[in-house]
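Report on one structure; see the data block that follows.
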Amino acid sequence: PMIDIRLKTVPVNFSGESILIDNNLMIVNKKSIPKAEIVIRGKRRDLINVLGNISANVDLSSITKKGTYKITPTFDISSSTINISKRETDYIEFEVDEIISKTIDVKVSLENAENNDLYIIDPVPEASKIEVKGTYDDISQIKCAVLTLDAGSINENCIKDCDIVFVDR
């Protein structure tokens, strides 16, 4: 028998983001965009087989300026035996803003210096400043970048890759 299943957390994928970036634009707060919701119909076995393989797709390629957009998604269901019986999500709403850049200082935070027999004079980052890019909302509050260096794992005159953390004001 055919049954319906309501899916409330269908992931939303965006295509055409490279075109947005070429136009010096990007989506604001992309991670906060809610998941899509649909009701699908099919045989229980077929439904179970596709549950993890359904996505909502939004095409960004026609966007050429900043603003708030409401775009109807298409749904990718990897089975011809499953149908959408109801779209609970009529559109995906999101904001697009201009990309800006900002130059920030890079600082080094030294940890575990007491676990190293060497006298560490002054760890120096490869670059004292870096340029970050994003929307105003994303980067306006960034004060600096901090590299955390674990002194317990270094030896004399070494170069280490470090994780970078952006610090807000």
Side-chain angles (χ1 to χ4, degrees), residues 1-104 106 109 111 127 130-150 153 160-169:
M2 303 291 263
I3 62 169
D4 288 338
I5 293 180
R6 179 180 307 275
L7 302 175
K8 295 183 179 184
T9 58
V10 177
V12 178
N13 298 321
F14 294 92
S15 63
E17 283 188 272
S18 61
I19 295 170
L20 270 188
I21 292 169
D22 290 345
N23 288 322
N24 206 36
L25 299 168
M26 69 185 304
I27 297 173
V28 177
N29 297 321
K30 185 175 169 184
K31 291 182 180 178
S32 67
I33 295 171
K35 307 281 187 195
E37 184 175 342
I38 58 173
V39 178
I40 56 175
R41 174 177 282 264
K43 293 182 180 176
R44 181 181 306 272
R45 181 183 70 245
D46 294 337
L47 292 169
I48 290 170
N49 287 337
V50 300
L51 282 181
N53 299 318
I54 297 174
S55 62
N57 301 300
V58 176
D59 182 10
L60 306 173
S61 62
S62 63
I63 296 175
T64 58
K65 60 184 178 178
K66 70 179 189 174
T68 301
Y69 292 86
K70 295 179 179 180
I71 296 181
T72 301
T74 59
F75 288 91
D76 182 22
I77 300 175
S78 59
S79 173
S80 60
T81 61
I82 304 296
N83 297 312
I84 296 174
S85 60
K86 186 173 184 185
R87 286 175 172 252
E88 298 290 345
T89 301
D90 293 326
Y91 57 85
I92 305 295
E93 184 172 359
F94 56 94
E95 187 177 346
V96 171
D97 202 355
E98 294 174 343
I99 295 173
I100 62 170
S101 63
K102 178 179 180 178
T103 301
I104 60 172
V106 178
S109 171
E111 293 183 348
I130 60 171
E131 182 181 49
V132 291
K133 291 184 178 185
T135 64
Y136 178 82
D137 287 347
D138 290 338
I139 68 172
S140 63
Q141 298 299 314
I142 296 175
K143 179 181 177 184
C144 67
V146 176
L147 304 173
T148 302
L149 177 61
D150 182 0
S153 68
K160 283 286 201 184
D161 288 332
C162 301
D163 289 332
I164 190 167
V165 175
F166 296 109
V167 178
D168 293 345
R169 291 196 169 133

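Since this is a predicted model, take the numbers as computed values, not measurements. Only heavy atoms go into these numbers, but all of them, side chains included; no hydrogens, no water, no symmetry mates.
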Does the pair Phe166 and Lys143 meet the rule for a side-chain contact (heavy atoms from CB on, under 4.5 Å), with working shown? CA-CA 7 Å; Phe166 296 109; Lys143 179 181 177 184; over 6 Å; no

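- To the nearest 0.5 Å, atoms CG (Asp76) and CG (Asn53) are separated by 8.5 Å.
- Leu60 is listed as a side-chain neighbour of Glu17, based on a closest heavy-atom distance under 4.5 Å.
- Put simply, the side chain of Asp138 reaches to within 4.5 Å of the side chain of Asn29, judged on heavy atoms.
- The CD atom of Glu98 sits 4.5 Å away from atom NZ of Lys66, with the distance rounded to the nearest 0.5 Å.
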Could you go step by step and tell me if Glu131 and Thr103 meet the side-chain hydrogen bond (donor to acceptor under 3.5 Å, both in side chains) rule? CA-CA 4 Å; Glu131 182 181 49; Thr103 301; 5.1 Å; no

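- Between the side chains of Asp46 and Ser79, not a single donor N or O lies within less than 3.5 Å of an accepting N or O.
- Checking side-chain atoms of Lys102 against main-chain N and O of Ser140 turns up a donor-acceptor pair under 3.5 Å.
- Looking at every heavy atom in both residues, Val96 comes nearest to Lys65 through CG1-O, 4.2 Å.
- Note that OG1 of Thr74 is 4.5 Å distant from CG of Asn57, once rounded to the nearest 0.5 Å.
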Go through Asn49 and Ile82 one step at a time and tell me if the side-chain contact (heavy atoms from CB on, under 4.5 Å) criterion holds. CA-CA 10 Å; Asn49 287 337; Ile82 304 296; over 6 Å; no

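- Inter-residue side-chain proximity for Ile92 and Ile71 is flagged as unmet; no heavy-atom pair is nearer than 4.5 Å.
- The shortest heavy-atom contact between Val132 and Ile139 is O-CD1, 3.9 Å.
- No more than 12 heavy atoms of other residues, nucleotides or ligands sit less than 6.0 Å from atom CG of Asp163.
- The structure places NZ of Lys133 at 7.5 Å from CG of Asn24, a figure rounded to the nearest 0.5 Å.
- Summarising the geometry of Asp4 relative to Ser85, their closest heavy-atom pair is OD1-OG, 3.6 Å, with the distance given to 0.1 Å.
- Of all the heavy atoms in Arg6 and Val39, the pair that sits closest is NH1-CG2, 3.8 Å.
- Minimum interatomic distance between Pro73 and Arg87 (heavy atoms only, all atoms of both residues): O-NH1, 2.9 Å.
- Annotation: side chain of Asp59 is in contact with side chain of Ser15 (closest heavy-atom distance under 4.5 Å).
- A heavy-atom distance below 4.5 Å is not found between the side chains of Leu20 and Ser18.
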Given Ile77 and Asn83, is the side-chain contact (heavy atoms from CB on, under 4.5 Å) satisfied, shown in steps? CA-CA 8 Å; Ile77 300 175; Asn83 297 312; over 6 Å; no

Start with the C-alpha distance between Thr148 and Cys162, add both sets of side-chain angles, then the distance that settles side-chain contact (heavy atoms from CB on, under 4.5 Å), and finish with yes or no. CA-CA 6 Å; Thr148 302; Cys162 301; 5.9 Å; no

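- In summary, Glu88 and Lys86 engage in a salt bridge, as defined by a charged side-chain N under 4.0 Å from a carboxylate O.
- Among Val50, Ile40, Leu47, the one residue that satisfies the side-chain contact (heavy atoms from CB on, under 4.5 Å) test with Leu7 is Ile40.
- Between Met26 and Asp97, the closest side-chain pair of non-hydrogen atoms is not below 4.5 Å.
- Closest non-hydrogen pair, Pro11 versus Lys35, comes out as CA-CD, 3.9 Å.
- Side-chain contact between Thr68 and Glu93 is present, with at least one heavy-atom pair separated by less than 4.5 Å.
- Ring pair Tyr69/Phe94 is parallel by interplanar angle, where below 30° counts as parallel and above 60° as perpendicular.
- Two residues are said to be in side-chain contact when any heavy atoms from C-beta on lie closer than 4.5 Å; Ile130 and Ile104 meet this criterion.
- No side-chain donor-acceptor contact under 3.5 Å links Lys8 to the backbone of Ala36.
- Using a 3.5 Å distance cut-off with no hydrogens or angles, the side chains of Asp137 and Thr135 do not pair a donor with an acceptor.
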